[in-house]
Amino acid sequence: MTSTLILGGGFGGLAAAHELRARLPEHEVTVVAAEDHFYNGFAKTWDLVGARPLEQGTASLSALHRHGIRFVHTRITAIDPAHCRVETEAGPLSADFLVIALGANTPPEQTAQLRGSAHDLYSADALPAMRTDLARLDSGTLVVPVLGTPYKCPPAPYEAAFLLDDYLRGRGVRDQVQLLVTTPQPMTMPGAGSEVSTFVADALTDRGIQLRTEQSVQTIDPDARTVLFADGDRLPYTLLLAVPQAVAPQVVADSPLAGEGGWIHPDRETRRTDFDRVYAVGDCTASPPPKAGIFAEGMARVAARNIAAEVDGGQGDRFDGTGYCFLEFPEQRAATLEGNFFAEPKPDVRMAEPDTDTFTRKHAFEAERLRNWLDATPT
Ligand SMILES: Cc1cc2nc3c(=O)[nH]c(=O)nc-3n(C[C@H](O)[C@H](O)[C@H](O)COP(=O)(O)OP(=O)(O)OC[C@H]3O[C@@H](n4cnc5c(N)ncnc54)[C@H](O)[C@@H]3O)c2cc1C
């Protein structure tokens with residue numbers, strides 16, 4: 001019997017596992033992940049603003065066994081792609097094929113600066129403290145700084161700002177709180193182009209949310225509650241919810257698979273790496289496309305189909321760089337940013353007007369993945 005070891009149980013890992021299961025009924029499929037559960041990233045922001053507790057959008061990876069997929073809950077400590085083998089805290093594991101879907105991490109030096117009233121907006125662990133600080137915020141300055149690029153989900157900082165704006169209005173304190181988003185980039189979403197970026201910038205302005213572009217954070221001083229920017233500007237804050245830079249997981253950066261920046265650079269269409277029978281998908285690989293679940297999922301299906309083709313001699317597949325992301329706006333509206341991120345000379349991305357139907361589609365997107373992958377229903 002042939003076998004595949006899937007490293008990671010997030011968007012990429014779960015999509016690859018189910019696609020392989022469907023294509024190769026006799027093939028052994030194992031998912032290895034350090035976390036034993038899955039949720040959509042945006043569910044953390046919903047929890048933060050009181051829309052829905054994160055637990056209600058979280059599913060256990062233990063459900064995988066009902067689909068004939070083995071789940072090993074452990075941390076991977078080394079990857080040996082030449083032998084399709086990994087070292088883990090539970091001992092070595094090996095298979096005929098590897099799919100690497102280990103996501104991206106926050107740089108430790110950024111984590112070290114995020115304490116007191118400065119939090120990692122993307123961290124589920126930080127949610128209780130963030131919620132407490134947010135509930136106490138009656139006046140002052142709430143800043144959402146993007147700490148570096150690339151970062152996960154390009155629309156997420158702006159989406160968070162819109163939801164925070166709604167939340168503060170709901171509490172009747174919005175007039176007393178200055179809300180700012182800062183980014184080192186020249187516009188809100190350069191990858192999506194200037195038209196989309198201007199639309200988002202105008203929507204921020206309409207809600208009285210300040211946007212500061214080309215502002216690189218140099219340091220955060222959590223004791224003085226001040227952000228120092230590279231141009232020497234200082235910004236005092238009351239509460240800071242930072243969007244961390246994404247870096248390759250250490251176990252990837254330390255492996256023979258690591259290329260420029262520590263990321264894996266597989267063939268962008270087939271997702272094959274330089275090592276035989278080793279594929280890489282999702283946030284742990286070099287962009288484009290942007291670091292988003294929908295792309296991790298698309299790449300993972302392609303990798304799984306190409307493994308199936310290697311096993312049974314069938315037709316392989318190619319990832320074409322297309323996909324869409326949701327951007328949530330105030331008052332339960334959302335828009336999709338849809339396009340081809342491999343288009344030349346630049347990505348071809350369009351955004352529709354935000355509406356309530358797309359907000360409903362975003363909920364359906366979450367529900368579909370939880371149900372199809374892990375038999376769970378968000379409540
Ligand atoms: C606030 C927020 C909002 C977002 N909104 C959206 C959105 O609307 N649409 C969208 O498409 N994307 C969105 N994203 C981005 C999306 O969550 C990620 O891009 C996506 O999860 C990447 O999938 P992945 O499979 O590459 O990695 P992940 O889903 O991060 O999975 C990585 C897996 O690897 C495992 N792992 C890591 N290191 C180890 C190790 N050493 N040993 C064992 N296991 C390990 C982890 O446990 C995890 O199971 C959002 C993200 C955030 C933070």
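Indexing begins at 1, ligand by ligand and atom by atom, following the structure's order. Each residue takes its place number in the sequence, starting with 1. Worth knowing before you read on, the calculation uses all heavy atoms, side chains too, and leaves out hydrogens, waters and symmetry mates.
The nearest heavy-atom contact from the protein to atom 21 (O) of ligand 1 is Phe11 CD1, 3.4 Å. Nearest non-hydrogen protein atom to atom 30 (O) of ligand 1 is Gly103 CA, 3.9 Å. When only non-hydrogen protein atoms are considered, atom 8 (O) of ligand 1 lies nearest to Phe42 CD2, 3.2 Å. Nearest to atom 31 (O) of ligand 1 among the protein's heavy atoms is Gly10 CA, 3.4 Å. Protein heavy atom at the shortest distance from atom 25 (O) of ligand 1 is Gly12 N, 2.7 Å.
Numbered from 1 in the order shown, with element, the atoms of ligand 1 that lie under 4.0 Å from a heavy atom of Gly8 read 33 (C), 34 (O), 35 (C), 49 (O). Every atom of ligand 1 with a heavy atom of Thr45 under 4.0 Å away is listed here by number and element: 1 (C). Atoms of ligand 1 lying under 4.0 Å from at least one heavy atom of Thr74, given by number and element, are 43 (C). Within ligand 1, the atoms closer than 4.0 Å to a non-hydrogen atom of Tyr122 are 1 (C), 53 (C), numbered from 1 in the order shown. In the vicinity of Ala101, heavy-atom distances shorter than 4.0 Å reach the ligand 1 atoms 32 (C), 33 (C), 34 (O). Near Lys291, meaning under 4.0 Å from one of its heavy atoms, ligand 1 places the atoms 19 (O). Numbered from 1 in the order shown, with element, the atoms of ligand 1 that lie under 4.0 Å from a heavy atom of Gly282 read 26 (O). Close approach of ligand 1 to Gly9 is summarised as follows: ligand atoms under 4.0 Å from at least one heavy atom of the residue are 33 (C), 48 (C), 49 (O).
Phe326 and Phe42 have their aromatic ring centers separated by at least 6.0 angstrom. Aromatic ring centres of Phe11 and Phe38 lie closer together than 6.0 Å.
None of Arg271, Arg268, His265 except one satisfies the side-chain hydrogen bond (donor to acceptor under 3.5 Å, both in side chains) rule with Thr285; the exception is Arg271.
With a 4.5 Å cut-off on side-chain heavy atoms, Leu61 and His73 do not count as touching.
Between Ile294 and ligand 1, an N or O atom pair is found at a separation short of 3.5 Å. Residue-to-ligand polar distances place Asp283 within reach of ligand 1: an N/O pair is separated by less than 3.5 Å. Considering both main-chain and side-chain atoms, Val251 never comes within under 3.5 Å of ligand 1 through any nitrogen or oxygen pair. Residue Val281 has no nitrogen or oxygen atom sitting less than 3.5 Å from a nitrogen or oxygen atom of ligand 1, judged on distance alone. Close N/O approach between Ile76 and ligand 1 is found [any backbone or side-chain N/O within under 3.5 Å].
In this pair, His37 and Tyr39 present their aromatic rings parallel. The plane angle is below 30°, not in the 30 to 60° band.
Under 4.0 Å from ligand 1, heavy atoms of Glu35 appear from its side chain as well as its backbone. Contact annotation: for Ala34 versus ligand 1, heavy atoms closer than 4.0 Å belong to both the backbone and the side chain.
Among Leu14, Leu102, Val252, Thr77, the residue whose heavy atom lies closest to atom 45 (C) of ligand 1 is Leu102. The residue from Ala43, Ala78, Cys153 that puts a heavy atom closest to atom 14 (N) of ligand 1 is Cys153. Scanning Ala334, Gly293, Gly41, Ser123 for the heavy atom closest to atom 15 (C) of ligand 1 points to Gly293.
Under 4.0 Å is where a charged nitrogen must lie from a carboxylate oxygen, and between Arg115 and Asp223 at least one such pair does. For Glu331 and Arg207, the salt-bridge test passes: some basic side-chain N is under 4.0 Å from an acidic carboxylate O. With respect to the salt-bridge test (charged N to carboxylate O, under 4.0 angstrom), the residues Asp312 and Arg23 do not qualify.
Judged purely by distance below 3.5 Å, without hydrogens or angles, the side chains of Thr4 and His27 pair a donor atom with an acceptor atom. Residues Thr205 and Asp202 have side chains that never bring a donor and an acceptor to within less than 3.5 angstrom of each other. For the residue pair Gln250/Asp254, the side-chain donor-acceptor check at 3.5 Å is satisfied.
The environment of Arg70 atom CZ is sparse: at most 12 non-hydrogen atoms of other residues, nucleotides or ligands sit within 6.0 angstrom.
Distance check, rounded to the nearest 0.5 Å: OH of Tyr237 to OG1 of Thr182 gives 12.0 Å.
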Next item on the list: Begin with the C-alpha distance, continue with both residues' side-chain angles, and end with the deciding distance and a verdict on salt bridge (charged side-chain N to carboxylate O under 4.0 Å, His left out) for Glu297 and Arg301.
Entry: CA-CA 6 Å; Glu297 193 181 316; Arg301 285 209 198 91; 2.7 Å; yes
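Not a single heavy atom of Pro249 sits less than 4.0 Å from an atom of ligand 1. Under a 4.0 angstrom heavy-atom cut-off, Leu121 registers as lying outside contact with ligand 1.
Atom 27 (O) of ligand 1 lies below 4.0 Å from at least one non-hydrogen atom of the protein.
Pro150 and Lys291 make their closest contact through CG-CE, 4.0 Å (heavy atoms, listed as atom of the first residue, atom of the second, distance).
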